[in-house]
Each structure stands twice: as C-alpha cells, then as structure tokens.
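Reading through the structure tokens given below for one structure.
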Amino acid sequence: MDPAEFYTGIVPTVFNVLRSTHFSAERYRTFIQGHGSPALELGCGDDGPFYELAAMGLDLEGVDSSADMVRRGRERLAAEGADAAVHHQRMEELKLDRRFASIYLAGPTFNLLPDDATALRALRAIADHLESEGAALVPLWIPPPTPTRQIGVMQSARAGEAIARSTVIQEDYDTASRTRTTTIRFELITDAESIVTDREWIIHWYDPHEFQQLAARAGLESHFITVDDEQVEAHLYLQS
Ligand SMILES: C[S@@+](CC[C@H](N)C(=O)[O-])C[C@H]1O[C@@H](n2cnc3c(N)ncnc32)[C@H](O)[C@@H]1O
C-alpha cells in the first residue's frame with residue numbers, strides 16, 4: 001500500500017481509540033501568533049491541534065492525503081460549526097491557490113514521508129506556499145525500535161459498539177536507510193462482522209544535519225529548537 005494511504009479504511013478508527021499520544025495545540029498556536037496567518041497544517045487528519053485551532057476561529061486550512069481522514073475531518077468541522085477548509089492533497093504535491101504566513105505539521109507527520117525524494121518534494125512544496133516573511137514548523141523525530149516484548153502483543157479498546165484491536169506483527173529497523181517499517185494488524189469487530197487489515201507503517205527519519213541539507217536543496221533555511229529528549233523542531237524560512 002502507498003504510505004500516503006496508510007490512514008484509510010478501519011485504520012483511523014482503530015488508531016484514534018488506541019492512540020496514546022495527543023499533541024497540544026498550544027505550541028502551534030504560539031508559532032502562528034509569532035509568524036502570522038493564514039496558517040496551513042499538513043496532514044491535519046481528523047483530530048488534534050487543527051481542530052482546536054479551527055474552533056478558536058484562526059484563519060486556517062488543512063490538507064491530508066487520506067480521503068477517509070478528509071471526510072471525517074470535514075464532518076467534524078461541520079458538526080462543531082468551525083470554518084476551516086480541508087483539502088484532499090498530498091503535501092509533496094501541494095497545490096493551493098494562496099500562500100501562508102505559517103505552515104506546520106503537528107507531531108512527527110513529516111516522518112510518514114517514506115524516503116528522501118518524497119521529503120524533498122514536500123519541502124519544495126512548502127517553500128512554494130510560504131509567504132516571503134513566513135515560516136514553517138516541522139517536528140523531527142528519530143523513532144526507537146519497537147521493544148521486542150511488544151511484538152505480537154494485542155492492544156484492544158472499545159470503539160462505540162465495536163472492539164478495536166492492533167497488534168505489531170513484525171518490524172524492520174534499518175539505520176542505513178533511516179527507515180522503520182512496522183507491520184501492524186488492525187481489527188474492528190462488531191456482532192455483525194470482523195474486519196482485519198495488515199498495514200506497513202513506515203517511519204523515515206532525519207537528524208537535524210541531514211534535514212538541514214535537504215531543506216537547503218528546497219531553498220529553505222533551518223533553525224532547530226529542542227522540545228524534549230525525543231523531539232527537535234525545525235523552523236524553516238525562505239533563503240534570502
Ligand atoms: C498521525 S496522523 C496526525 C493527524 C493530526 N495531525 C493529529 O495531530 O491528530 C498523520 C496524518 O497525516 C496524513 N498524511 C500521511 N502522509 C501524508 C502526505 N504525504 N500528505 C498529506 N498528508 C499525509 C495521514 O493521512 C494522517 O491523517
């Protein structure tokens with residue numbers, strides 16, 4: 001399956017009930033306050049900072065590569081009475097009719113771009129959509145291997161009337177290509193049916209120096225901010 005289609009079918013439902021990490025909107029709100037609007041989130045999904053910021057009435061747009069996420073996101077905005085556009089686009093093929101003062105990814109969504117060539121296209125698309133004085137925020141994350149004791153262990157939770165399950169089946173952790181490929185079994189079980197799908201979750205990473213070199217090829221200057229032990233934030237500006 002194409003990595004940009006990972007969050008489709010039952011995966012968003014299972015992922016949302018089992019996810020343990022939620023990113024606070026605060027750091028993105030502060031970033032937008034500092035650099036201005038309009039703002040754009042790449043990989044906005046159907047949850048997280050984008051929806052909190054949209055509820056605050058910010059001049060905000062989002063894009064996501066998953067048609068299911070886009071549908072779910074638009075339904076949520078309509079239900080919450082929020083006014084923000086969600087586009088069905090891939091960040092590496094971004095084509096919007098305006099430029100943005102602030103562009104951000106919430107959490108390590110840039111890691112979902114499976115290789116350097118795709119990441120470079122995304123960085124070029126970011127450069128093409130930034131206002132001249134604008135800035136982009138890209139969280140960088142170097143994932144650890146999944147601990148062996150967690151492989152084969154099922155996680156389970158209720159999703160309304162259904163049971164959602166996920167199990168890591170196996171993992172390939174390749175430092176040479178900076179890529180972790182985890183095969184995960186997702187299950188959604190109701191009285192009527194049981195849907196099972198196996199997906200490869202690809203996480204491709206950069207250290208700040210590697211990222212800086214790639215961003216420079218896209219005409220972007222990088223500044224790094226250490227957020228915590230696991231995450232560094234790249235702030236990108238158009239090269240002068
Ligand atoms: C981990 S989810 C995060 C969603 C949301 N930002 C949040 O904080 O909950 C990552 C999202 O990025 C989207 N995505 C993955 N690859 C993408 C790509 N190449 N272009 C745009 N969106 C992408 C996925 O469909 C998914 O909705």
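In this text, all values refer to a predicted model and were calculated from it rather than measured experimentally. Start at 1 and go down the list; that is how both ligands and their atoms are numbered.
Between Arg19 and ligand 1, an N or O atom pair is found at a separation short of 3.5 Å. Remark: ligand 1 and Glu92 share an N or O pair separated by less than 3.5 Å (distance only, no angle test). On a distance-only criterion, Phe23 and ligand 1 share no N/O pair closer than 3.5 Å. Annotation: Asp47 places an N or O atom under 3.5 Å from an N or O atom of ligand 1; distance criterion only.
Using cut-offs of 30° and 60° on the angle between ring planes, the pair His35 and His235 is perpendicular.
With ligand atoms numbered from 1 in the order given, ligand 1 contributes 19 (N) to contacts under 4.0 Å with heavy atoms of Leu113. Close approach of ligand 1 to Met69 (heavy-atom distance below 4.0 Å) involves ligand atoms 27 (O). Under a 4.0 Å criterion applied to the non-hydrogen atoms of Gln89, ligand 1 contributes the atoms 21 (C).
The protein heavy atom nearest to atom 10 (C) of ligand 1 is Leu112 CD1, 3.6 Å. For atom 1 (C) of ligand 1, the closest heavy atom belonging to the protein is Tyr7 OH, 3.2 Å. Of all protein heavy atoms, the one lying nearest to atom 20 (N) of ligand 1 is Met91 N, 2.9 Å. At the shortest separation from atom 23 (C) of ligand 1 among protein heavy atoms lies Ser65 OG, 3.1 Å.
The local environment of CZ in Arg217 is sparse, with at most 12 non-hydrogen atoms from other residues, nucleotides or ligands closer than 6.0 Å.
Asp116 and Tyr206 form a side-chain donor-acceptor contact under 3.5 Å, judged by distance and modelled atom types alone. Thr13 and Arg72 share a side-chain donor-acceptor pair at under 3.5 Å. With no hydrogens or angles considered, a side-chain donor-acceptor pair links Glu171 and Thr146 at under 3.5 Å. Checked by atom type, the side-chain pair Glu41/Tyr104 shows a donor-acceptor distance below 3.5 Å. Side-chain atoms of Asp47 and Asn16 include no donor-acceptor pair closer than 3.5 Å.
To the nearest 0.5 Å, the span separating OH on Tyr28 from CG on Leu58 amounts to 14.5 Å.
Remark: among candidates Pro49, Gly43, Gly107, Ala119, the nearest residue to atom 12 (O) of ligand 1 is Gly43, based on non-hydrogen atoms.
The proximity of Pro12 to ligand 1, defined as any non-hydrogen pair under 4.0 Å, does not occur for either the backbone or the side chain.
Judged by distance alone, with hydrogens and angles left aside, the side-chain atoms of Arg185 form no donor-acceptor pair with the main-chain N or O of Val168 at under 3.5 Å.
The existence of a salt bridge linking Arg29 and Glu52 is excluded, since no basic side-chain nitrogen approaches an acidic carboxylate oxygen closer than 4.0 Å.
The closest approach between a heavy atom of Asp64 and any atom of ligand 1 is below 4.0 Å. Under a 4.0 angstrom heavy-atom cut-off, Glu41 registers as being in contact with ligand 1.
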